[in-house]
Amino acid sequence: WLGELTKKAGFSQLWTGTFSASTLTVSCLKISLWRKGDIFMKIVVCVKPIQNPEIPAAQFRIDEEAKVLIPVSGLSPVLSPFDEQAVEAALRIRDKDGENSNIEITVVTIASKGARAAIKGALALGADNAVLLSETTFDGSGGYVTARNLAETIRAIGDVDLILTGRQAADGDAGVVGLGIAEILDIPAITFACDVQTNDGVITVKRVLQDGIETVEADLPALVTISNELGKVRHASMRETMRAAKKPVKEWMPQDIGLDENQVGANAMRYELERLFIPVNDIECEFIDGDTPAEIAATLAKHMRHANLI
């Protein structure tokens, strides 16, 4: 009768114990009830807006003095492709949970306010809300600082069950931030995932190896980095694109995540960038002649030895 009562009241239930017709007696257990529509699983997807990697090489510019990339005028940032697949992985988990899923997907990023279009793109795919760390004091951070800032943001969100990131950013290709977040939060990390499933507080991940696929399980909360082998990312529907305009995007300052200005951005960098530049490729082509293949091979070997290639 208790199950029927809670269903009629609009609640779901987790309970066990013994009871009589007039009283409910539970020994050493906590009864947890939640109304339909309440969130019982939180997924955070960390994303990075980057300059579109498809731009022509002739438009790529570096300010060597400031050691920064010069944005292409009139071209908005886009989500790093691996991070798009992390969003897709979160959406697939929610899709499997059914139409009335109580899974909340939050997108978190460190970017300027100009990256809102990219964030809205993630919301249009189906994420529920976003947190944007756009204060200029967040600028210029390295891998460790970025990981710490994101980890503290996740702590501030609270009760996060699963964190998804791309395997690496498509601009720097370092691939260290995701594992850094897991280390700071002291939770399991699984890398290079091509499939992610959750069930009863356990995450099951198929991860890509050089010579095959392995399956790994871990207790939640956990962090998973998503690889391109996950597959194609869905297109945003017209309905979700229109809804994205109304989905909340919170802008947080350092104090909102429990840090001060000396713990974020360039002020907290643990290394110094010596130089950022576009390498010059001087290509020389020389045809090697000879009367016989053996003579051509000998001449080629001499040239390679002279160039310290062999």
Side-chain angles (χ1 to χ4, degrees), residues 6 9-16 26 28-47 83 86-110 119 122-123 125-133 146-166 177-190 193 196-205 216-226 247-259 263-264:
T6 54
F11 288 89
S12 297
Q13 61 169 335
L14 289 173
W15 66 276
T16 185
V26 179
C28 302
L29 291 173
K30 179 181 179 181
I31 298 178
S32 300
L33 302 175
W34 63 89
R35 188 177 299 275
K36 290 180 180 178
D38 288 352
I39 303 303
F40 73 85
M41 183 177 185
K42 288 185 180 180
I43 300 177
V44 165
V45 184
C46 299
V47 302
D83 296 341
V87 175
E88 174 65 25
L91 295 173
R92 291 183 188 181
I93 293 172
R94 189 172 66 187
D95 290 346
K96 187 176 180 181
D97 197 48
E99 184 177 350
N100 297 319
S101 172
N102 290 347
I103 297 176
E104 180 183 68
I105 301 173
T106 299
V107 173
V108 175
T109 189
I110 302 174
I119 304 307
L123 296 177
L125 289 175
D128 298 295
N129 54 69
V131 176
L132 175 61
L133 306 179
T146 298
R148 185 181 181 191
N149 293 170
L150 291 173
E152 297 303 334
T153 301
I154 292 165
R155 278 200 180 108
I157 292 171
D159 299 323
V160 174
D161 301 286
L162 177 61
I163 305 164
L164 300 176
T165 73
V177 170
L179 295 178
I181 295 171
E183 177 72 17
I184 293 167
L185 295 177
D186 193 24
I187 59 175
I190 304 174
V196 182
Q197 306 289 337
T198 61
N199 184 38
D200 293 334
V202 175
I203 186 167
T204 303
V205 176
V216 181
E217 287 188 348
D219 292 331
L220 296 175
L223 180 144
V224 180
T225 71
I226 307 298
K247 292 180 179 179
V249 178
K250 301 176 183 177
E251 293 188 19
W252 283 0
M253 307 282 283
Q255 55 267 33
D256 293 318
I257 59 175
L259 300 177
Q263 296 173 302
V264 301

Only counting residues at least two apart or in another chain, list the ones meeting side chain to side chain donor-acceptor pair (under 3.5 Å) with R148. none
Working to the nearest 0.5 Å, report the span between [atom1] of [X] and [atom2] of [Y].
X	Y	atom1	atom2	value
D161	T198	CG	OG1	9.0 Å
T225	I190	OG1	CD1	9.5 Å
I93	I203	CD1	CD1	5.5 Å
I105	L91	CD1	CG	4.5 Å

Which atom names give the shortest non-hydrogen contact between [X] and [Y], and what distance separates them?
X	Y	value
I226	A89	CD1-CB, 3.9 Å
A156	D256	CB-O, 3.9 Å
I187	L223	CD1-N, 4.0 Å
V224	A193	CG1-CB, 3.4 Å
A86	G166	CB-N, 4.0 Å
R94	I103	CD-O, 3.5 Å

Quickly, which of V44, V160, N129 forms a side-chain contact (heavy atoms from CB on, under 4.5 Å) with E104? Name it, please. N129
Is the side chain of T109 donor-acceptor paired with the backbone N or O of V47 at a distance under 3.5 Å, no angle test? yes
K96 (side chain) donor-acceptor with Q197 (main chain) under 3.5 angstrom: no
Side chains of [X] and [Y], heavy atoms from C-beta outward: is any pair under 4.5 Å?
X	Y	result
L220	L162	yes
L185	R155	yes
T106	V131	yes
I163	I181	yes
C46	I154	yes
I157	W252	yes
V249	L123	yes

Using a 6.0 Å cut-off, check whether atom CD of E183 has over 12 heavy atoms from anything other than its own residue. no
I43 and L164: CA distance, side-chain angles, deciding distance, side chain to side chain contact (heavy atoms under 4.5 Å, CB included) verdict: CA-CA 7 Å; I43 300 177; L164 300 176; 4.1 Å; yes
